[in-house]
Structure formats: C-alpha cells, structure tokens
Protein chains: 2
Amino acid sequence: MSQKNGEDLTRERILDTAEVLFAQKGYRAVSVREITSAAECNLAAVNYHFGNKENLYLEVFRSRWVPRATRVRESFRKSLARQGSLSEAKVVRALAQAFVDGPLSDDERLRHSQLMTREMTQPTKAFKHVAEQVIQPFFKEVSDQLDSVLSNKVGEEQMLLNIFSIFAMVLYFNFARVAVSRLTGRKYDSAFRALLVEQITQFSLRGLGVEKMEEQG
Amino acid sequence: MSQKNGEDLTRERILDTAEVLFAQKGYRAVSVREITSAAECNLAAVNYHFGNKENLYLEVFRSRWVPRATRVRESFRKSLARQGSLSEAKVVRALAQAFVDGPLSDDERLRHSQLMTREMTQPTKAFKHVAEQVIQPFFKEVSDQLDSVLSNKVGEEQMLLNIFSIFAMVLYFNFARVAVSRLTGRKYDSAFRALLVEQITQFSLRGLGVEKMEEQG
DNA sequence: TTGACATTTAAACGATCGTTTGATACAAAC
DNA sequence: GTTTGTATCAAACGATCGTTTAAATGTCAA
C-alpha cells in the first residue's frame with residue numbers, strides 16, 4: 001500500500017524540506033543528502049519516492065508551489081467578493097494585499113517568490129507548467145477584472161504591460177527583501193508590509209492613470 | 001612578471017567566460033572545468049590566478065559587474081547633462097533608458113541583471129561590496145536628482161519607496177525576459193525595448209504623481 | 001502463519017567536484 | 001650560461017555528488 005492512514009509521512013516530509021532548501025539555495029546547491037538528512041529519512045528515500053532529484057524538484061512545484069499560488073489567487077478573489085461594487089482601487093489593493101500581506105506566512109511568502117524568481121531568471125522544466133497553469137490564467141483574471149472597472153480603457157498589450165509593472169513591484173518587494181531592508185533600514189514586520197501594500201497600491205493606481213483616489217479598504 | 005605586454009590574456013579570458021556562465025547558470029551550477037574549458041586554458045589556471053573558485057566569482061563582480069554598472073550610471077548622467085533644464089520626465093526617462101536601452105549590449109544587459117537578481121535573492125560575499133559601492137550611491141544620486149525637480153515634495157522614505165518601485169520595473173523587464181516575451185508574444189528587439197522604456201517612464205511618472213506629461217526626449 | 005507488497009536501511013557504485021602537485025616552458029636579470 | 005620567477009601543463013588528490021543495490025523491516029490479506 002502506498003499509504004495506510006491517508007498520508008505518506010516520509011514523502012511529505014521530503015517535499016516540505018526540499019522546498020525550503022531549494023528556495024533558499026537553488027537546485028544545484030542542495031544535495032540529496034542534505035534534504036534526506038533534514039527530513040530525517042534515508043538517503044535512498046528520494047529516489048524511491050520520486051525517482052530522482054529532478055523529479056523531486058518538479059514535484060515541489062506541482063504539490064507545493066502551485067497550491068500555494070492558488071491560495072494567493074483565492075485570497076485575491078475573496079477579497080474582491082467581499083466588496084460590494086468594485087473599483088480600480090479595490091482591485092489593485094486586493095492584488096497587492098494578496099501577495100504582500102496575504103494568506104501566506106512570512107516564510108512561505110519568501111519561499112514562494114524565491115522559487116518563482118528562480119524560474120523566471122533561469123526556467124527549468126517546471127516553468128512551462130507554472131506559466132500555463134498559474135501565471136497566464138491569473139494575469140488573464142487580473143486583466144479582466146481591471147478592464148471591467150477601468151475608467152480609461154486601454155488596448156490589450158498596454159493592459160498587459162501595466163499588469164507587468166504592478167507585478168514587478170509585488171515580486172520585487174518580496175524577493176529583494178534583503179536589499180529593501182538594508183536600504184530603508186526597516187524590518188519586514190506587519191507595519192512595513194502594510195506600508196508596502198499602500199505604496200504598491202497608490203503608485204500603481206496613479207500609474208494606471210486613475211485620477212481620483214479612494215480611501216483604504 | 002605578472003604581465004609583459006600589458007595584459008594577462010588567460011586571466012582576462014577566464015573572467016569573461018566565468019561571468020557569462022555564472023550569470024546563465026549560477027555559482028554552484030558552473031564547474032571550474034567548464035570555465036577553463038570554455039576559456040581554453042588549463043584547469044589549474046583558476047586556482048593559479050584567483051586562488052579558488054569563490055575568489056573568481058568575487059573578482060567577476062569587482063572587475064566586470066561593477067565597471068558595467070558604472071557605465072550604466074554614466075550613461076544616465078550624460079543623458080541628463082545633455083538636457084538643458086531638467087524635469088521629472090527627463091530624469092525618469094534617462095533612468096529607464098540607461099537600464100533598458102542603454103550602453104550595454106543585449107547580452108550584457110541580460111548578464112548584468114541576472115547576476116544582480118541572483119545577489120538580491122541570495123546574497124553572497126559580493127553583495128556587501130555591490131550594495132555599498134554601487135546600489136546605495138546610485139539610489140542616492142537618483143533620489144537627489146528627482147528631489148531637485150519634483151513638483152510635489154515627499155519625505156525621504158517615500159522617495160526611496162518610489163525609486164524602489166521604478167527600479168522594480170527596470171529589473172523585472174530585464175531579468176524576466178522569458179516570461180515577458182512568452183506572455184506578450186513579442187521578441188526583445190529594439191522596438192520592444194523602446195516600448196518598455198516608454199512604459200516604465202509613463203507608468204513611473206504617473207506613479208510619482210507628476211500631472212503634466214512632456215513629449216518624449 | 002504465511003505470502004505479497006510497500007518501505008526503509010546500510011553500503012557501495014561510478015562520476016564529477018574543487019584543489020594540489022611537480023614537471024616543464026619561457027622570458028628577463030645577472 | 002646560469003639564475004630567478006611567471007605561467008602553463010598533465011595528472012592525481014580526497015571529498016562529495018546522484019543513483020543503485022540487495023538485504024532487512026514493517027504491514028495487511030488470505
């Protein structure tokens with residue numbers, strides 16, 4: 001039997017520790033021995049459960065990264081659903097909040113954007129999966145939401161570039177924590193995260209050409 | 001003698017090829033054998049000229065990355081000096097242009113932002129040097145330039161967050177080429193780069209709260 | 001209790017890693 | 001011509017890498 005009480009503990013422990021280590025150090029810098037040692041299991045467990053190291057990496061994206069991205073996306077959706085009538089400000093703030101101050105813990109958020117940044121700078125086999133299953137649909141959703149509330153309509157390409165611009169900030173303020181903390185002299189506590197959400201929201205709203213601001217949601 | 005005709009060819013070849021490979025694959029994913037093989041020299045040359053692999057990596061930043069960052073910075077400066085009277089639009093466009101369409105070749109630009117992104121996500125010993133010698137002074141310069149022309153004054157922290165926001169786009173549109181190309185369906189040719197400069201400039205100017213736009217410089 | 005199957009284990013495999021060695025080639029200094 | 005010091009070379013070092021093996025252990029059905 002693959003699992004009796006509904007969970008394969010060793011397999012799950014390997015996935016958890018592997019994700020942390022891959023996010024921190026990158027694929028090549030993490031050895032199978034380091035993973036199995038941290039996961040407190042035998043060296044051969046990785047090859048037994050996942051075939052090889054590369055498959056483990058891909059499985060981390062399938063069973064950890066993608067579900068987490070889905071949580072962020074649903075946080076964004078519910079944030080919008082909570083509002084009665086939508087506006088540019090509400091959509092943008094919901095977006096910034098979902099990524100910078102959303103459902104993820106601080107560690108999760110860091111891991112998440114580290115893995116994503118890694119795949120963006122040097123895509124592996126995981127990228128195609130992530131792009132098609134997560135990024136592209138999400139961008140489409142944000143694009144549609146913004147398009148439905150935006151006062152000054154823009155073309156499809158312009159809309160995409162605008163979303164890129166917003167997304168660039170969201171990603172940057174997550175993965176470049178070290179640099180941001182160093183240069184601002186501020187820790188990444190909840191107060192600073194709230195400030196970053198405000199920064200992304202206001203900067204993006206003006207960037208989108210929204211004239212009148214609304215009060216914070 | 002360390003060099004007779006004014007240049008140590010092997011040493012320079014190693015630095016060039018090492019930078020390309022480190023940028024493409026990351027530190028751990030590149031072996032000393034791969035470097036020396038591509039640089040067409042003996043395996044022991046790395047240890048002879050740089051002591052060890054880590055020192056070679058640091059020397060790449062000192063003798064390749066930092067000078068290139070300086071070229072970008074001076075491109076920004078000269079672009080400003082070329083203008084008679086400065087304005088928000090001119091400063092922001094000069095900034096975007098220097099990084100996205102500036103003095104670097106396409107390959108150089110990619111390498112440059114790949115190495116930088118790598119150091120930002122997982123800083124090595126090179127980061128301290130880069131932060132103090134390059135990033136911090138440059139941010140200070142941009143901050144001062146913007147402050148001197150900005151119509152609506154803001155506090156120091158707000159200014160820093162704004163520069164982060166602009167810089168996030170600049171960095172993103174460079175390192176996330178693959179994703180951007182894939183989702184927009186456009187190649188990174190000079191026409192698209194010009195469009196990106198325009199996007200960063202306009203989005204940032206509105207983001208900074210500059211009301212009146214000026215025509216392109 | 002027995003047989004079948006899933007999982008874990010210790011040990012080893014060959015390959016590759018960064019680094020070191022000692023010999024050799026070559027130039028300028030004496 | 002001899003010495004001195006730089007640079008390159010093939011070869012090897014021990015360590016670590018991902019992966020495989022075969023035996024041992026655990027678990028449930030028959």
Side-chain angles (χ1 to χ4, degrees), chain A residues 1-64 115 118 122 124-126, chain B residues 1-64 115 118 122 124-126:
Chain A
M1 310 274 134
S2 132
Q3 61 232 47
K4 51 179 194 308
N5 282 333
E7 41 184 359
D8 191 331
L9 290 173
T10 303
R11 208 186 115 101
E12 298 303 306
R13 254 185 298 122
I14 290 177
L15 280 169
D16 285 335
T17 58
E19 194 202 5
V20 172
L21 292 172
F22 282 145
Q24 281 176 355
K25 308 184 173 188
Y27 180 77
R28 294 293 295 265
V30 180
S31 69
V32 175
R33 281 169 177 82
E34 192 178 355
I35 295 170
T36 54
S37 170
E40 290 179 319
C41 65
N42 189 269
L43 168 62
V46 162
N47 298 79
Y48 177 76
H49 286 286
F50 304 96
N52 54 36
K53 185 189 177 186
E54 188 191 7
N55 251 332
L56 167 59
Y57 181 78
L58 297 178
E59 189 59 33
V60 162
F61 271 88
R62 271 186 240 111
S63 71
R64 293 290 186 274
L115 286 174
R118 245 179 254 288
Q122 44 181 337
T124 68
K125 289 181 182 172
Chain B
M1 309 270 140
S2 139
Q3 61 235 45
K4 51 179 191 308
N5 282 334
E7 42 185 0
D8 193 331
L9 291 172
T10 303
R11 208 186 114 101
E12 298 303 305
R13 256 185 296 122
I14 291 177
L15 281 169
D16 286 333
T17 59
E19 193 201 6
V20 172
L21 292 171
F22 283 145
Q24 281 177 356
K25 309 183 171 190
Y27 179 78
R28 294 293 294 266
V30 180
S31 69
V32 175
R33 281 169 178 82
E34 192 178 354
I35 295 170
T36 54
S37 171
E40 290 179 318
C41 65
N42 190 269
L43 168 64
V46 161
N47 298 79
Y48 176 77
H49 286 286
F50 304 97
N52 54 36
K53 185 188 176 186
E54 189 190 7
N55 252 333
L56 168 59
Y57 181 78
L58 297 178
E59 189 58 33
V60 162
F61 272 88
R62 271 186 240 111
S63 71
R64 293 291 185 272
L115 285 174
R118 244 179 255 289
Q122 45 180 335
T124 68
K125 288 180 183 172

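Naming: A, B, ... by sequence-line order, numbering from 1 per chain.
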Point to revise | Within residues 54-62 of chain A, residues whose heavy atoms come under 4.0 Å of DNA chain C | key: none

Check your understanding: Just by modelled atom types, is the A/Ala23 backbone N or O under 3.5 Å from a matching donor or acceptor in the A/Arg118 side chain?
Key -> yes

Check your understanding: In terms of side-chain heavy atoms of B/Asn47, which of C/dT20, C/dT7, D/dT19 is nearest?
Key -> C/dT20

Review point. Should A/His49 be listed as having a side-chain N or O under 4.0 Å from OP1 or OP2 of C/dA6?
Key: no

Point to revise | Phosphate contact (C/dT8 OP1 or OP2) by A/Thr10 side-chain N/O below 4.0 Å | key: yes

Would you kindly give the [atom1]-to-[atom2] distance between [X] and [N], to the nearest whole Å?
X       : N      : atom1 : atom2 : value
B/Ile14 : D/dC9  : CD1   : P     : 10 Å
B/Tyr48 : C/dA25 : OH    : P     : 17 Å
A/Arg13 : C/dT7  : CZ    : P     : 13 Å
B/Glu12 : D/dT8  : CD    : P     : 12 Å
A/Leu21 : D/dG18 : CG    : P     : 12 Å
B/Leu9  : C/dA27 : CG    : P     : 14 Å

Evaluate the side-chain proximity of [Y] to [X]: yes if any heavy-atom separation is below 4.5 Å, no if none is.
X       : Y       : value
A/Gln24 : A/Val20 : yes
A/Leu15 : A/Val60 : yes
B/Leu56 : B/Val32 : no

**Study point:** Non-neighbouring partners of B/Arg64 that pass side chain to side chain donor-acceptor pair (under 3.5 Å), sequence neighbours left out
**Key:** B/Glu12, B/Asp16

Practice item. List for me each residue that meets side chain to side chain donor-acceptor pair (under 3.5 Å) alongside B/Glu34, sequence neighbours excluded, and say none if there are none. Key: B/Lys25

Study note, to complete from the structure: By nearest-nucleotide position on DNA chain C, the 5'-leaning member of A/Cys41 and A/Arg28 is A/Cys41

Exercise for review: Work out which heavy atom in B/Thr17 is nearest to a heavy atom in B/Ala39; give both atom names and the distance.
Suggested key: OG1-CB, 3.5 Å

Study note, to complete from the structure: Residue pairs passing the side-chain hydrogen bond (donor to acceptor under 3.5 Å, both in side chains) test with at least one member in residues 51-61 of chain A, sequence neighbours excluded, are A/Glu54-A/Lys125, A/Tyr57-A/Glu119, A/Glu59-A/Arg62

I'd like a list of close polar pairs between nucleotides 10-16 of chain C and the protein, N/O only, cut-off under 3.5 Å.
from   : atom 1 : to      : atom 2 : distance (Å)
C/dA10 : N7     : A/Asn42 : ND2    : 3.4

Practice item. Using ring-ring contact (aromatic ring centres under 6.0 Å, His included) as the criterion, list what pairs up with A/Phe50, not counting sequence neighbours. Key: none

